[in-house]
Amino acid sequence: MTNVPAMDRWPKWLASLLAQLLLGLLAAGLIGWANLAGAVGTIANTKHNLTPTGPGTFKAPEATGLCVFCHTPHNGLPQTPLWNRALSGATYTLYTSTTLKAQVQQPTGSSRLCLSCHDGTLAMGTLRLAPAGVQPTLGILTGKAVIGTNLSADHPLSFVYNSALAATRGELVDPLGAPKTLHLDSSGALQCTSCHDAHVEVPNFLRMDPRYGALCTACHKPNGWTGTLHASSPATWNGAGTNPWPADGYPTVAENACLNCHRPHAAGHDKSLLAQTGETANCTVCHAGTAATRNIDAEFSKFSRHPIENGEWTHTPKENAATMARHVACSDCHNSHAADATTATVPNVSGPLKGVRGINQSGGLVTAASFEQEVCYKCHGLSSATTAGIRRQDNIRNARLQFDPVNPSYHPVAAIGKNQTIQNLLPGYTATSQVGCISCHNSDAWTPGGTNPAGSHGSAYAPILEREYRAESTVVESPQNFALCYKCHDRNALTFDTPGKFPHARHLTNATFPINTTSCAACHDSHGSRLQPHLINFMLFDAVGAAVVQSRPATPATPPSYTQVGSGGSCNLMCHGHDHAPSTY
């Protein structure tokens, strides 16, 4: 740009005027001592230099003073730092949030001064005291610097930020201990000038480098943030799909930090100032194999999946699982401020589930789940599923109640199993082993040590099963059809009967009456049984309504039953038209 003469070469009256102006700005808190000496030269090199020699594209054609577009030594607006501009009379739409505790009001103080240009309602040349009495012919600001009058997708401002607010809201830095670069006005309010210094463009006139979330974490301290993947990952965008970061962003996830998901101005959506216009897109913009290694987005295209597309913008951070509208979103299972890549022994929560609200085994709310199933219980542990499915004797479809350790039997999720004499488990599993929800409800593409994602996002097998599990009224046994059961249970032991043990093979591979072969699900409820040991809870009708187990044609008719006798048992029922009258083993 054209050189600006050094102050010792300026007329004395102009140097005196400028000194008064800078002292006024210093007293108003709009400039610090560190910036005072070089303020004029610094402003001259920024887009706030609106003179013809300014470096930006938006500037006046007439020769004017450098500071006149904001300041005047005389007749400035009262109670402002010698302000030389008219103020907008606009009424602004303010930011709202279910977690907002601050009393946000119409812009005041320095924020209103900034908006006199940046709301785009007044011409930039609208000055109280024009140089030489001639208003500059500079029109209304245009481009991305225009915030507008709708501030609902912009960081809230003009609210008192004090220790009481930090304590009430939580996850905020007490301003008494905040970095000195965080500037609050004389009333203790957070304003535009808390983040921006209009005299220094380094970059975007920010008071400090936002890299690694430094500017955001001057105020915000999300629980678990330090060490989370979004704060530490060196991953870069591979160039496919949408660029997840601002145009002036940084090359890695760690450097962008908060800006991976949020925008302080002109956010894609006003909820939580999220960057993308679609809620799910805020995750999949990276988790489609474009920045994150594993392509989770592809999982939601599978036959069976969590229907995240139906719950856009329904989730709220502190919703009550007992009263919330039924939905599922990425943030129901993952806390982006706390998630990391650590592993855990089931049933403990692993890194990707850290910091997520849940429901415990008693049905109570926990603010951070300790066990994997507590996350699932938010949807699958408070009421029975309403979707079409198998109808059983005890037709409860509430996983929390099915896994309850007081039951006669259950898969060992909430506690180790009750059958300590169980046999025929594959190596790696014992009577004291526990499993997690994800042990069964997992991606069909996942393999140990592979690159495909784990988790109950989606699968080719319903209901989001890692392996196939056929549950029709009749089905031919094969390693594929019952692959999920055979993940833990020895197929060889189940397809060849042993004297004195239950004849599983007769039910699964009936060579004499192949039409009577049936699924494991005909007798066993895979989550648990509130009626019988060995997960026995007879299927009355399969998912398409075909009858499976019924009462025997006896007088009086009694419901199907199983009675354990010593190491064996007795079934008294009708199954697929075959009368067990009763059948013992």
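Counting from 1, the numbers follow the sequence of the chain as shown. Computed from a prediction, not measured in an experiment: that's the story for all the values here.
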Donor-acceptor pairs under 3.5 angstrom involving side-chain atoms of residues 377-385: please list them, not counting sequence neighbours.
{"from": "Tyr377", "atom 1": "OH", "to": "Gln361", "atom 2": "OE1", "distance (Å)": "2.7"}
{"from": "Lys378", "atom 1": "NZ", "to": "Asp332", "atom 2": "O", "distance (Å)": "2.5"}
{"from": "Lys378", "atom 1": "NZ", "to": "Arg357", "atom 2": "O", "distance (Å)": "3.2"}
{"from": "Ser384", "atom 1": "OG", "to": "Arg397", "atom 2": "N", "distance (Å)": "3.1"}

Is any side-chain heavy atom of [Y] closer than 4.5 Å to one of [X]?
X	Y	answer
Asn84	Phe69	no
Val104	Phe159	yes
His262	Leu274	yes
Gln191	Thr108	yes
Leu184	Pro175	yes
Val413	Val435	yes
Pro55	Thr46	no
His183	Arg207	yes

In plain terms, say whether Glu466 and Lys487 are close enough for a salt bridge, that is, a side-chain N and a carboxylate O under 4.0 Å apart.
yes
Presence of salt bridge, Lys354 and Asp340, under 4.0 angstrom
yes
Passes side chain to side chain contact (heavy atoms under 4.5 Å, CB included), Leu113 versus Leu87? Steps please.
CA-CA 7 Å; Leu113 305 186; Leu87 299 181; 3.7 Å; yes
Closest heavy-atom pair and its distance - [X], [Y]:
X	Y	value
Asp209	Arg211	OD1-N, 3.0 Å
Pro453	Ser443	O-CB, 3.4 Å
His71	Pro81	ND1-O, 3.1 Å
Thr98	Pro317	OG1-CD, 3.7 Å
Thr342	Pro352	O-CD, 4.0 Å
Leu115	Leu151	CD1-CD1, 4.3 Å

Test: ring pair (Phe, Tyr, Trp, His ring centres under 6.0 Å). Region: residues 270-310. Which pairs qualify, not counting sequence neighbours?
Phe300-His457
Main-chain N/O of [Y] paired with [X] side-chain donor or acceptor, under 3.5 Å:
X	Y	value
Asn49	Ile43	no
Gln276	Ala281	no
Thr242	Val285	no
Asn442	Ala454	no
Glu319	His315	no
Asn256	Leu259	no
Asn282	Gly278	yes
Arg305	Ser301	no
Ser233	His230	no
Glu372	Cys437	yes

Would you check if there is a donor-acceptor pair between the side chains of [Y] and [X] at a distance under 3.5 Å?
X	Y	value
Asn243	Trp237	no
Tyr92	Asp119	yes
Glu255	Thr252	yes
Asp154	His265	yes
Gln106	Ser158	no

Hey, could you give me each pair passing salt bridge (charged side-chain N to carboxylate O under 4.0 Å, His left out) that has a residue in residues 162-184? Not counting sequence neighbours.
none
Qualifying salt bridge (charged side-chain N to carboxylate O under 4.0 Å, His left out) pairs with a residue from residues 269-298, counting only residues at least two apart or across chains
Lys271-Glu279
Assess whether atom NZ of Lys47 is packed by more than 12 heavy atoms of other residues, nucleotides or ligands within 6.0 Å.
no
Distance, nearest 0.5 Å, that separates [atom1] of [X] from [atom2] of [Y]:
X	Y	atom1	atom2	result
His48	Asn45	NE2	CG	13.5 Å
Trp245	Arg263	CH2	CZ	10.5 Å
His155	Leu190	NE2	CG	6.0 Å
Ser272	Tyr95	OG	OH	5.0 Å
Leu465	Leu484	CG	CG	5.5 Å
Ile308	Thr314	CD1	OG1	12.5 Å

Kindly determine whether Thr280 and Glu312 satisfy side chain to side chain contact (heavy atoms under 4.5 Å, CB included), including the steps that lead there.
CA-CA 7 Å; Thr280 301; Glu312 289 275 290; 2.7 Å; yes
With Leu141 via side-chain contact (heavy atoms from CB on, under 4.5 Å) - residues at least two apart:
Phe58, His118, Met124, Ala145, Val146
Ring-plane angle category for Trp225 and His337, please: parallel below 30°, perpendicular beyond 60°, tilted otherwise.
perpendicular
Identify, with sequence neighbours excluded, every residue that meets side-chain hydrogen bond (donor to acceptor under 3.5 Å, both in side chains) alongside Ser304.
none
Output, in order, the C-alpha distance, side-chain angles, deciding distance and verdict of side chain to side chain contact (heavy atoms under 4.5 Å, CB included) for Thr91 and Thr149.
CA-CA 7 Å; Thr91 298; Thr149 59; over 6 Å; no
Side chain to side chain contact (heavy atoms under 4.5 Å, CB included), that's the test. Do Tyr161 and Leu182 meet it? Break it down for me.
CA-CA 11 Å; Tyr161 178 24; Leu182 172 65; 4.0 Å; yes
